[in-house]
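Comments concern the structure below.
Position 1 is the first residue of the sequence, and the numbers go up from there. Counting starts at 1 for both ligands and their atoms, in listed order.
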Amino acid sequence: MIELREVSRIFSVGGQEVRAMDRISLAIEPGEYLSIMGPSGSGKSTLLNILGLLDTPNSGSYLLEGQDVTSLSDRQLAATRSRKIGFIFQFFHLIPRLTARQNIELPLLLAGVPRRQRLERSSRLIEAFGLADRPHHRPDELSGGQRQRVAIARAVINEPAVLLADEPTGNLDRSSGAGIVELMEDLNHRGLTLVVVTHDPEIGERAGRQIRVVDGRIVHDSPGG
Ligand SMILES: Nc1ncnc2c1ncn2[C@@H]1O[C@H](COP(=O)(O)OP(=O)(O)OP(=O)(O)O)[C@@H](O)[C@H]1O
Ligand SMILES: [Mg+2]
């Protein structure tokens, strides 16, 4: 469903070139559970941002569900992203002045889904993600674990094919982190393709397939266990 062919992402800063991704080829099948590990600065976030259409390669090609997305316009990229991809981050990226429910419903609002349907779908996720007593709280009134559950609900409310998570537990204590991992794995068991960038080997080793990135290259790619 995802195929990168020889993808490079080069940043130029002050006349110096950084190869954040160096001709990476990677194929991910539907329903896979993949972790990406590697040293700081090795290119993990860059890779995830490319997969999530938040950034575009300097060279190489990217096929998403058979469609070449390398040459799409910004507008087409945004539309494809909102239909097919959910993204969560270490620092949640929730909108501070919106409640938990409003944050979760935001993608539906942007997609023009009517109020009644929005309410139905957000209620289901609020219930399923253990947020039933918090729908009216704003992010600063929620714990880290609760914020990340809101972020995951927002990421999956459009029923994307793939969920990309960049250090989703990096800002959480161990037990909240474990809850977040279980929630994502639960979604994966229902068929969602899951890609998790993490510094925590205990989390990375849970994935069925583990990738190690060093200096913008995949140096290891193996089934777990
Ligand atoms: N917008 C940017 N402009 C310039 N250089 C960048 C940019 N984004 C990333 N880089 C560089 O690309 C390289 C890879 O960065 P990236 O953020 O992908 O690393 P990472 O593996 O996610 O690291 P960490 O584990 O610290 O999050 C780094 O050398 C970084 O400095
Ligand atoms: Mg990173």
Is any heavy atom of the protein nearer than 4.0 Å to atom 2 (C) of ligand 1? yes

Run Met21 and Ile50 through side chain to side chain contact (heavy atoms under 4.5 Å, CB included) and show every step you take. CA-CA 10 Å; Met21 278 176 78; Ile50 294 276; 3.6 Å; yes

Thr46, portion touching ligand 1 at heavy-atom distance under 4.0 Å: both

Can you tell me if Pro39 contacts ligand 1 (heavy atom of the residue under 4.0 Å from the ligand)? yes

Could you list all the ring-ring contact (aromatic ring centres under 6.0 Å, His included) pairs where at least one residue sits in residues 77-124, not counting sequence neighbours? Phe87-Phe89, Phe89-His93

Protein non-hydrogen atoms only, distance under 4.0 Å: does atom 31 (O) of ligand 1 have such a neighbour? no

Are Gly41 and ligand 1 in contact, using a heavy-atom cut-off of under 4.0 Å? yes

Between Glu120 and Arg116, does any side-chain N to carboxylate O distance fall below 4.0 Å? yes

May I ask whether His199 has any heavy atom positioned less than 4.0 angstrom from an atom of ligand 1? yes

Are any of the side-chain heavy atoms of Val156 and Leu163 separated by less than 4.5 Å? yes

Heavy-atom donor-acceptor pair, Glu182 side chain to Gly179 backbone, under 3.5 Å: no

So is Met21 close enough to ligand 1, meaning a heavy atom under 4.0 angstrom away? no

Quick check: does any side chain N or O of Ser35 sit under 3.5 Å from a backbone N or O of Gly204, one acting as donor and the other as acceptor? yes

Could you tell me, atom by atom, which parts of ligand 1 come under 4.0 Å of a heavy atom of Val13? 4 (C)

Protein contact to atom 12 (O) of ligand 1 [nearest heavy atom, distance to 0.1 Å]: Ala20 CB, 3.4 Å

Heavy-atom nearest neighbour in the protein, as seen from atom 29 (O) of ligand 1, with distance rounded to 0.1 Å: Val18 CG1, 3.6 Å

Flag Ser45 as yes if one of its N/O/S atoms falls below 2.8 Å of the Mg ion (ligand 2), otherwise no. yes

Nearest protein heavy atom to atom 26 (O) of ligand 1, by residue and atom, and its distance? Ser40 OG, 2.5 Å

Ion pair Glu202/Arg174, N-O distance below 4.0 Å: yes

Does the pair Arg23/Glu6 count as a salt bridge with the N-to-O cut at 4.0 Å? no

Under 4.0 Å from a heavy atom of Ser42: which atoms of ligand 1 are those, numbered in the order shown and with their elements? 19 (O), 21 (O)

Ser143 side chain vs Gln146 backbone, donor-acceptor pair below 3.5 Å: yes

Of the protein's non-hydrogen atoms, which lies at the shortest distance from atom 17 (O) of ligand 1, and what is that distance? Ser45 CB, 3.7 Å

Salt bridge present between Glu127 and Arg124 (N-O < 4.0 angstrom): no

Nearest-neighbour protein heavy atom for atom 27 (O) of ligand 1, which is reported as residue plus atom name and distance: Glu167 OE2, 3.5 Å

If you scan protein heavy atoms around atom 6 (C) of ligand 1, the nearest is Phe11 CD1, 3.3 Å

